[in-house]
*Asks:* 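Okay, here's the structure, questions in a sec.
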Amino acid sequence: MRRPITLHGKQLFLILLTLAVTLSSTAWAKMYRWKDEQGRVHFSDSLHNIPEQYRPQSKTYQSQSGRLNLIEGEAAAPKKTATQSLSSAAPQNTSDTLSIPYISREGSANRIIINIEFNNHVTAPIMVDTGSPGLILSTGLAAELGLVDDDSQNMLVLISGIGGTQVSARAIVESLTLGGIEERMIPAYIIPGQSTAYRGLIGMDILSGYSLTIDSANKRLIGHKMPPTQNRPGGRDRIWWQKNFKEILYYMNFWKQQEESLNSSHSPYSRLTSKYQRVKQFIQTQRQESQKLYNQLEQYARMQSVPRHWRQ
């Protein structure tokens, strides 16, 4: 289970300095990029991690500060393997009801892993986790969806869980399909993949819009979609809208303040000397990316007639 961390200005400032040091020490690290036979893109910081048959066509690039370094941390099976393992019983859905087959075990652990289609073209196994703060995607899956790649820049936040605290990228998924039901504009966290059995987590930020039943005898996840109402514009309640707007607005305003302080004679950044330009680039990138995410969410909220006081 992971949860986003709410930070006060001084705390986030210390994190910024830590990130700045990390970025400065790895800013010009060599990275490798290659594609496998299925056309999936992989990243690594070591040539030895690239299978021999792909080494001749691998490309190198320099990671740059303010950008998310994608290092494929998962050994995910090809999509067709995951799909076939769940296709023994096809989804049986009506317009507002879903019945999805699931895998119930990962080694010795009990799991509920279902196939989810993203942006109408990528299908991936995702684990149901009611304690997840939101939709979580592995870096490999996010790269396939075009949310991040070797030229992308992303808003960075911190999330914490049983495994500790880590930096996560933020992005918005245009659509995902549960069975035959489509969900639109879902904010997601992006972290390195930590399992070969699934490529992300889906939590109650989405599933709270369904009345759910687990049919363990037939290994199916059954859900009835609650229709949008005045109290649930876009199928999401007030808490969902306020939580996502509050988080993005917090980071957007924080990085705006940091950018404004860059040119101040009393700015703590003036003492960074040789690291100043890299920190400046990082701050400007974070402000731009947080503004972009806010604009995406704001536009969708207006289309769904979300009350203004839910967007503050």
Side-chain angles (χ1 to χ4, degrees), residues 2 4-33 43-45 60-73 133-134 136-139 142-143 146-160 164-172 187-192 244-297:
R2 297 185 180 276
I5 299 176
T6 301
L7 303 166
H8 299 293
K10 289 184 179 179
Q11 291 175 298
L12 193 51
F13 174 70
L14 292 175
I15 291 166
L16 170 63
L17 292 181
T18 302
L19 287 173
V21 172
T22 302
L23 289 168
S24 64
S25 63
T26 62
W28 306 109
K30 182 178 289 187
M31 303 290 290
Y32 298 89
R33 181 180 187 271
F43 300 84
S44 177
D45 59 353
T60 61
Y61 69 95
Q62 303 291 343
S63 62
Q64 298 179 25
S65 60
R67 298 186 178 184
L68 177 68
N69 293 329
L70 288 183
I71 302 175
E72 188 67 23
I136 295 179
L137 306 178
S138 69
T139 53
L147 298 177
V148 288
D149 57 36
D150 53 322
D151 292 323
S152 286
Q153 304 179 80
N154 295 82
M155 186 182 93
L156 303 181
V157 300
L158 291 182
I159 57 175
S160 67
T165 300
Q166 69 181 100
V167 177
S168 165
R170 267 305 220 171
I172 293 181
Y189 298 95
I190 302 170
I191 63 175
N244 283 284
F245 270 103
K246 183 178 181 179
E247 180 187 9
I248 295 176
L249 279 168
Y250 172 81
Y251 281 98
M252 185 175 72
N253 291 330
F254 176 83
W255 294 119
K256 179 181 179 181
Q257 292 171 3
Q258 303 312 303
E259 186 177 31
E260 290 173 348
S261 73
L262 282 170
N263 298 322
S264 171
S265 58
H266 302 291
S267 171
Y269 301 115
S270 61
R271 297 193 294 269
L272 295 175
T273 59
S274 62
K275 298 176 182 177
Y276 177 82
Q277 289 301 323
R278 289 178 184 174
V279 172
K280 180 179 180 180
Q281 180 186 357
F282 177 77
I283 291 174
Q284 291 175 337
T285 294
Q286 291 304 296
R287 182 188 176 186
Q288 292 167 2
E289 291 304 305
S290 58
Q291 182 70 59
K292 184 169 69 175
L293 285 183
Y294 173 81
N295 291 343
Q296 285 181 273
L297 193 61

*Asks:* Where do Leu147 and Asn154 come nearest, in terms of heavy atoms and distance?
*Replies:* O-ND2, 3.5 Å

*Asks:* Let me know which of Ile136, Val157, Leu137 forms a side-chain contact (heavy atoms from CB on, under 4.5 Å) with Ser168.
*Replies:* Val157

*Asks:* To the nearest 0.5 Å, how far apart are CG in Leu249 and CE in Met252?
*Replies:* 4.5 Å

*Asks:* Compare every heavy atom of Ile190 with every heavy atom of Ala171, then report the nearest pair and how far apart it is.
*Replies:* CB-CD1, 3.8 Å

*Asks:* A side-chain contact here means heavy atoms from C-beta on lying under 4.5 Å apart; do Phe282 and Leu156 qualify?
*Replies:* yes

*Asks:* If you look at every heavy atom in Trp255 and Ile283, which pair is closest and at what distance?
*Replies:* O-CG2, 3.8 Å

*Asks:* Side chains of Gln258 and Gln286: closer than 4.5 Å at any heavy-atom pair?
*Replies:* no

*Asks:* Please list, chain by chain and in numerical order, all residues satisfying side-chain hydrogen bond (donor to acceptor under 3.5 Å, both in side chains) with Lys292, sequence neighbours excluded.
*Replies:* Glu289

*Asks:* Can a side-chain donor-acceptor contact be found between Gln291 and Asn295 if the only test is distance below 3.5 angstrom?
*Replies:* yes

*Asks:* Which residues pass the salt bridge (charged side-chain N to carboxylate O under 4.0 Å, His left out) test with Glu259, sequence neighbours left out?
*Replies:* Arg287

*Asks:* Would a distance-only check, ignoring hydrogens and angles, find a side-chain to backbone donor-acceptor pair under 3.5 Å from Ser138 to Pro192?
*Replies:* no

*Asks:* Determine the minimum heavy-atom distance between Thr139 and Val148, stating which atoms define it.
*Replies:* O-CG2, 4.3 Å

*Asks:* CD1 of Ile172 to CE of Met155: how many Å apart, nearest 0.5 Å?
*Replies:* 9.0 Å

